[in-house]
Amino acid sequence: MLNKKYNHLEVEENKYDFWKDNGYFESGDKSKEPFTIVIPPPNVTGKLHLGHAWDTTLQDIIIRYKRMCGYDALWLPGMDHAGIATQAKVDEKLKSLGLKPREMDREDWLNHAWSWKEDYAETIRKQWAKLGLSLDYSKERFTLDEGLSNAVKHVFVTLYNEGLIYRGERIINWDPEAMTALSNEEVIYKDVEGAFYHLKYIIDGTNDYLEVATTRPETLFGDTAVAVNPEDERYKHLIGKKVVLPLVNKKIPIIADEHADPSFGTGVVKITPAHDPNDFEVGNRHNLERIIVMNKDATMNHNAGIYEGLDRFVCREKMLEDLKKQDLLIKIEKITHSVGHSERTNVMVEPYLSKQWFVKMDELSKAVLDNQKNKDTKVNFIPERFEKILNHWMEDCHDWCISRQLWWGHRIPAWYKGDEIYVGVNPPTGDGWVQDSDVLDTWFSSALWPFSTLGWPEKTELFDRYYPTSVLVTGYDIIFFWVCRMVFQGLKFTGKRPFKNVLIHGLVRDNQGRKMSKSLGNGIDPMDVIEEYGADSLRYFLTTSSAPGMDLRFDMEKVKSTWNFINKLWNASRYVMMNLEDFDLNNYSIVDLKEIDKWILTNLNITIKNVTKHMDNYDFNLAGSEIYNFTWNYFCDWYIELSKVRMNDTTKSVLIYTLNSILKMLHPFMPYVTEEIYQNMPMHEDSIMISNYPIYNDDFEYDVTYTENLIEMIKAFRNVKTENNIKNPILIYNEDLNEFINDSKDILEKLLKLNGETLIKSQSFKDDDITIIPLTLSFGNVEIAFKKDVNKDEELEKLNKEKENLEKSIQKREKLLSNENYVSKAPKTVVDKDRNQLEIEKLKLSDIIKQIKSL
RNA sequence: GGGCGAUUAGCUCAGUUGGUUAGAGCACCUGCCUUACAAGCAGGGGGUCGGGAGUUCGAGUCUCUCAUCGCCCACCA
């Protein structure tokens, strides 16, 4: 028997271990069809936030649902080493211990990092457990595992041998804090207050000058030309001449290049090939020298002359003073412009010439675009609109910089000896080879996640059975740097899409609609919510409060109202169990049904049908409200109340059957409480999570008119009673409802608090000092009689308003039904409904008119 | 510059291929401690679905347009 009070802390204790220890989370039943999800691996940099809770709960709902539907459901857990993010955190920790991470031995540092990883992995597993996620831990993976590392090497070497990975000097985004290259996707552009510094570049041999505007004057030490547009009449005559580089006093050429936009600024642009991607291209076209002027920590190098050693921003201030002294600074124009910042360290990135490894993208991305045109093999996005992000990114993508000057990650499988280079899965033989010290971008290994976790490139049973995976669940914010990469690597290396479907969700926001962030301090720890309201409440809230692909505003009140719903379910279950205490299970039968049983079973059946459809479409909000509505408004409000009057063994059987079905449909959303109640039911298997999901059954569609009529009468009666503030109403019925009332007497007396004196036939009613209100029902008429004590004016006002509404509605409907176009074109069922409704409304109107007259 | 989303009750949000008088939760009003549940029960009020035009017998839903808010991508010497 259940405790008197629902206590989420008690209910959620120990159940996770029970499931896990019994192996219910593990996949591998070969007699079933496989269904696979691989978890988007969380970074081992910290705790899970509400976004993770949402993302993983969606997956758990899908996997629990599919498991109950008879699939061999594999949900593969794992974590991501998260290169730069983790390295930054580990460094921070080491610094706080007084150590200097960059001066440590690489192996020592890695030992620290691994122990950090173990700590955080354990924290994350505990949080997964709190959330109730049915992950198959026997197959857990980590991106730096041996197997996954082999996959990474295999992919690198293969792409290298095919010419799709190359090493080259390019302008990359340089993070001077982490001192590593970044990919374009790791750079976040933010609007900052800056300035255009307008400088004089004296034209050689004249007193005249070109006005050049720059936002980064410190790069002028690397200028090797100034460019003007070849069509720009203002400067045509100067092309081929030289200017004197300020402060450096070096002569550099004036060149003509399309890059210079005559309509922007002065139309003259300084060319710094080693510090700007556009200038790099210009430099290539004109064969210009590339002069690097900064060190890796963004201090100036020897090319900056007297400014050598200064930080770039200090140097800027210093040289501006000097330029001013030499009258070479025309003006400083304050502007707001967007500047790239490192996603991880948040410092301004420097475009920087550097030798890095790149993935050549055109061939790989074209394969994705081609595949998306094939409806049988494409990756399907839910909602569909997100496919555009994939396509858009694939249509316009630059080569991918994959080398990182970090220690935490997959070491690049390339070795150098003098000018020789060797790339291979295994180290080269012979002496003198030195391995590339860089590691690969984290996303390089994440891109392989759906198949590397299943044992690829080895031929494994796991891979053969579970790949391609069924669905990937992730937020729209990482479609373009993760989902895209998994798709192109999946197609390239397995020949198949890595997942059939991608279910996209939005971001969790705070109750004011702001993004949750550390700086705002508005983050909410899911573990705190679980403590207060339970994982079941949190899960149901997260997965039913928004439509697919939309953002979610976190609202504690809604979590609380979910708790109330669970409490309602809990109490309804207690009612069912109380009535089963003396029930002999041998008498269980749902064959010889009473009217009310047919009604609830029919509605249950419809609910199952709708819920199944919504679950299959990933419309969890719709599925959730369908179950909520059935549970509260059908089962609790009506069937349980009716059962109090008509309790017998069939009723008890139907109570068991219906509650069991509700529990099963709710289980994916709220695993803990449904398990608790289920285990306390007289008929159950070892666990609800391995029971069968309810199935829609055609045989359960009964004629439920009687119960619907009953409910209609009860509602109408209560309405009139309350609206008119009637203390002691009498329900009067005519001969035509004799049979119906006689069949329902017990129910009406109980639910309407009537008795033999107040539920009477019209001919036996005699009293003059009484008011009669007629009740028009869809199946007949009754009257309510009561002592006259109402406020006439109020009553009249109410009746007139009702009359007006009815007249409007009748008019509208008559007009509609007299429209031949409507009658001939609209479906017959719709038209019939209107006709019926019109008849009822007319009857009601005449009643109202009668009442108004009688007042 | 390109793309996407949002705009529905006081608040937060649903609304399936167009089809009765547009729904839920919270909040609000009235009456109830009825033996599963007062974290509850019964009843109720509240919306010209951002503006305008169009298609249609019929539009919250489809088309066009305008407005406001938000997001993504690109550019930014």
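All values below were derived from every heavy atom in this structure, side-chain atoms included, with hydrogens, water molecules and symmetry-related copies excluded. Numbered from 1 within each chain, the chains take letters A, B, ... in sequence-line order.
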Nucleotide N/O to protein N/O under 3.5 Å, stretch nucleotides 59-61 of chain B:
none

To the nearest angstrom, how far is A/K609 atom NZ from B/U16 atom C1'?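 Distance check: A/K609 NZ to B/U16 C1' gives 14 Å.
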Hey, are [Y] and [X] close enough side-chain-wise for a donor-acceptor pair under 3.5 Å?
{"X": "A/N184", "Y": "A/N173", "value": "yes"}
{"X": "A/E333", "Y": "A/H198", "value": "yes"}
{"X": "A/Q372", "Y": "A/N391", "value": "no"}
{"X": "A/T651", "Y": "A/Y639", "value": "no"}
{"X": "A/E395", "Y": "A/S365", "value": "no"}
{"X": "A/H8", "Y": "A/W563", "value": "yes"}

B/A77 and B/G60: how far apart are their P atoms, nearest whole angstrom?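 Comparing P positions in B/A77 and B/G60 gives a spacing of 49 Å.
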For atom C1', what is the distance between B/U8 and B/A39, given to the nearest Å?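 To the nearest whole Å, 29 Å.
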Secondary structure string for RNA chain B (Watson-Crick or G-U under 3.5 angstrom, | for other-strand pairs): (((((((..((((.....[...)))).(((((.......))))).....(((((..]....))))))))))))....
I'd like to compare against my own output: the B/S/- annotation of nucleotides 67-77 of chain B with a strict under-4.0 Å heavy-atom distance to protein. ------S-BBB
Base contacts versus sugar-phosphate-only contacts with protein, heavy atoms under 4.0 Å: please encode nucleotides 6-12 of chain B as B, S and - from 5' to 3'. S-----B
Output all residues satisfying ring pair (Phe, Tyr, Trp, His ring centres under 6.0 Å) with A/F635, sequence neighbours left out; order by chain, then residue number.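 Checked A/F635 against ring pair (Phe, Tyr, Trp, His ring centres under 6.0 Å); zero matches.
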Protein and nucleotides 35-38 of chain B: nitrogen or oxygen contacts under 3.5 angstrom:
| residue | atom | partner | partner atom | Å |
| --- | --- | --- | --- | --- |
| B/A36 | OP1 | A/K644 | NZ | 3.3 |
| B/A36 | O2' | A/N571 | OD1 | 3.1 |
| B/A36 | O2' | A/R574 | NH1 | 2.9 |
| B/A36 | N7 | A/K644 | NZ | 3.4 |
| B/A36 | N6 | A/C636 | O | 3.2 |
| B/A36 | N6 | A/E641 | OE2 | 3.2 |
| B/A36 | N3 | A/N571 | O | 3.3 |
| B/A36 | N3 | A/A572 | N | 3.2 |
| B/C37 | O4' | A/N571 | OD1 | 3.3 |
| B/C37 | O4' | A/N571 | ND2 | 3.4 |
| B/C37 | O2' | A/N571 | ND2 | 3.4 |
| B/C37 | O2 | A/K568 | NZ | 3.0 |
| B/C37 | N3 | A/K568 | NZ | 2.9 |

Of all the choices, B/G44, B/C41, B/G15, which nucleotide is nearest to the side chain of A/W632 once you look at every atom?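 The nucleotide sitting nearest to the side chain is B/C41.
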Compute the centroid of each ring, for A/F565 and then for A/Y628, and state whether the two points are separated by less than 6.0 Å.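 Ring-ring flag for A/F565/A/Y628: true, centres closer than 6.0 Å.
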Near-parallel close stack of A/W563 and B/A39 base (under 5.5 Å, under 30°):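 Ring-base stacking flag set for A/W563 and B/A39.
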